[in-house]
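The block underneath contains the structure these notes are about, expressed in structure tokens.
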Amino acid sequence: MSVLKKDFYLQPVLKVAPALLGKFLVLRNGGTEIARMITEVEAYDGPNDKACHAFKGLTPRTKVMFEEGGVWYVYLIYGMYYMLNIVTGPRDYPAAVLIRGVDGSNGPGKLTTLYGVNSRFNGLESKKKLGLYIEDRGVVVKSSQIKKSPRIGVDYAGTIWSKKEYRFSTHMPTRESFQ
DNA sequence: TAAGTGATCTCT
DNA sequence: GAGATCACTTAA
């Protein structure tokens, strides 16, 4: 049981994304704690990825993605839903992993509603002190249990990038598996 | 299947 | 400042 450190996030996003499956997204707020296993993520890989927000360059919105790995990137989409991403890779390399699903929840919008995540976490470092962080609780997800598929909602990125299998999910059985 | 929602970006 | 866009959800 250990909180993921910065060097974990400094790896290439395509390594970090599948490695996050089976880890726990933890929100600690005073006496309450929400901790659920991550079951679905998507990778957004830097300046070459047309589906990546930062592809078009640095703007006030995307500048967080250019930070060093290990910080949260939170933004509002469709006027209602916050998306939760963790930035990866070295500084000035815009890449991030979108956390799309945790155990017992479907859809990234519902996930952030569940956790009460909003833009106040944007740009902040994922660590215990912040109260929102990712933890390794010893669940091992085998590569054979990881399903790859194209990302969701990125048709605008063109066939090459919208077909990339940068979405990773797992059907690992749930909380019984670690208690 | 389509509508709702609002920040952001790209033009004028 | 106006208009288009958007990594989603819900209700039908």
Side-chain angles (χ1 to χ4, degrees), chain A residues 4 8-9 11-25 27 34 36-90 92-126 132-134 141 146-171:
Chain A
L4 297 184
F8 175 85
Y9 300 109
Q11 301 175 88
V13 66
L14 291 177
K15 288 203 169 197
V16 174
L20 284 176
L21 297 175
K23 302 295 187 292
F24 281 71
L25 179 63
L27 176 75
I34 304 175
R36 297 203 180 192
M37 197 180 81
I38 296 170
T39 56
E40 185 178 352
V41 299
E42 285 181 10
Y44 288 86
D45 188 16
N48 299 319
D49 185 351
K50 279 191 177 176
C52 178
H53 284 167
F55 172 73
K56 290 178 181 168
L58 194 152
T59 68
R61 181 203 200 186
T62 60
K63 74 173 194 296
V64 172
M65 288 183 100
F66 290 82
E67 295 290 322
E68 200 170 64
V71 303
W72 296 112
Y73 170 42
V74 183
Y75 64 92
L76 188 64
I77 192 67
Y78 302 130
M80 321 177 169
Y81 300 107
Y82 288 101
M83 298 286 114
L84 178 63
N85 306 247
I86 186 74
V87 175
T88 67
D92 293 329
Y93 187 88
V97 178
L98 168 64
I99 299 177
R100 291 187 56 90
V102 295
D103 180 31
S105 160
N106 306 317
K110 287 182 134 182
L111 184 155
T112 49
T113 303
L114 174 74
Y115 276 79
V117 165
N118 59 37
S119 55
R120 76 180 184 274
F121 290 112
N122 191 41
L124 300 180
E125 192 175 343
S126 167
L132 181 67
Y133 55 94
I134 300 174
V141 179
I146 296 178
K147 185 175 144 195
K148 291 197 226 173
S149 50
R151 291 172 294 184
I152 302 296
V154 294
D155 292 344
Y156 67 91
T159 51
I160 293 178
W161 286 99
S162 62
K163 280 186 178 172
K164 291 264 184 200
E165 297 199 319
Y166 280 6
R167 177 175 174 230
F168 304 91
S169 55
T170 179
H171 301 298

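Computed over heavy atoms, backbone and side chain alike; hydrogens, waters and symmetry mates excluded. Lettering of chains follows the sequences in order, A, B, ..., and the numbering in each one begins at 1.
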Chain A on DNA chain C: first and last contacting nucleotide, 5' to 3', under 4.0 Å to a heavy atom? C:dC6 to C:dT10
Pick base, sugar-phosphate or nothing for A:L98, based on heavy-atom distances below 4.0 Å to the nucleic acid. base
Over all strands shown, is A:M80 touching base, sugar-phosphate only, or nothing at heavy-atom distances under 4.0 angstrom? base
So, does [X] use its side chain to make a donor-acceptor pair with the main chain of [Y] at under 3.5 Å?
X: A:T170; Y: A:L21; value: no
X: A:N122; Y: A:V74; value: yes
X: A:Y156; Y: A:A51; value: yes
X: A:Q11; Y: A:F8; value: yes

Is A:E165 paired with A:K148 through a side-chain N to carboxylate O contact shorter than 4.0 Å? no
Please report the shortest heavy-atom distance between [X] and [Y], naming the atom on each side.
X: A:K23; Y: A:I134; result: CB-CG2, 3.7 Å
X: A:P94; Y: A:P47; result: CD-CD, 3.8 Å
X: A:M65; Y: A:C52; result: CE-SG, 3.6 Å
X: A:A17; Y: A:V41; result: O-CG2, 3.3 Å
X: A:W72; Y: A:F121; result: CB-O, 3.5 Å
X: A:V97; Y: A:L20; result: CG1-CD1, 3.8 Å

List the atom pairs, donor and acceptor, that lie under 3.5 Å between side-chain atoms in residues 53-61 of chain A and the rest of the protein, sequence neighbours left out.
residue, atom, partner, partner atom, Å
A:H53, ND1, A:Y73, OH, 3.1
A:T59, OG1, A:R61, N, 3.3
A:T59, OG1, A:T62, N, 3.3
A:T59, OG1, A:T62, OG1, 3.2

Toss me the dot-bracket line for DNA chain C: Watson-Crick and G-U wobble, both under 3.5 Å, 5' to 3', using | for pairs to another strand and [ ] for crossers. ||||||.||||.
Min and max contacting nt of DNA chain B in 5' to 3' order, chain A heavy atoms within under 4.0 angstrom, are B:dG4 to B:dC9
Listed in order of residue number, which residues of residues 70-78 of chain A have a non-hydrogen atom at under 4.0 Å from DNA chain C? A:Y75, A:I77, A:Y78
Tell me, which of residues 49-61 of chain A have any heavy atom that sits under 4.0 Å from an atom in DNA chain C? A:A51, A:H53
When you measure from the centre of the six-membered ring of A:Y115, is the NZ or CZ of A:R36 under 6.0 Å away and within 45° of the axis? no
The residue among A:K147, A:R167, A:R151 that forms salt bridge (Lys or Arg N to Asp or Glu O under 4.0 Å) with A:E40 is A:R167
If we only count heavy atoms from C-beta on, is the A:W161 to A:D49 side-chain gap below 4.5 Å? yes
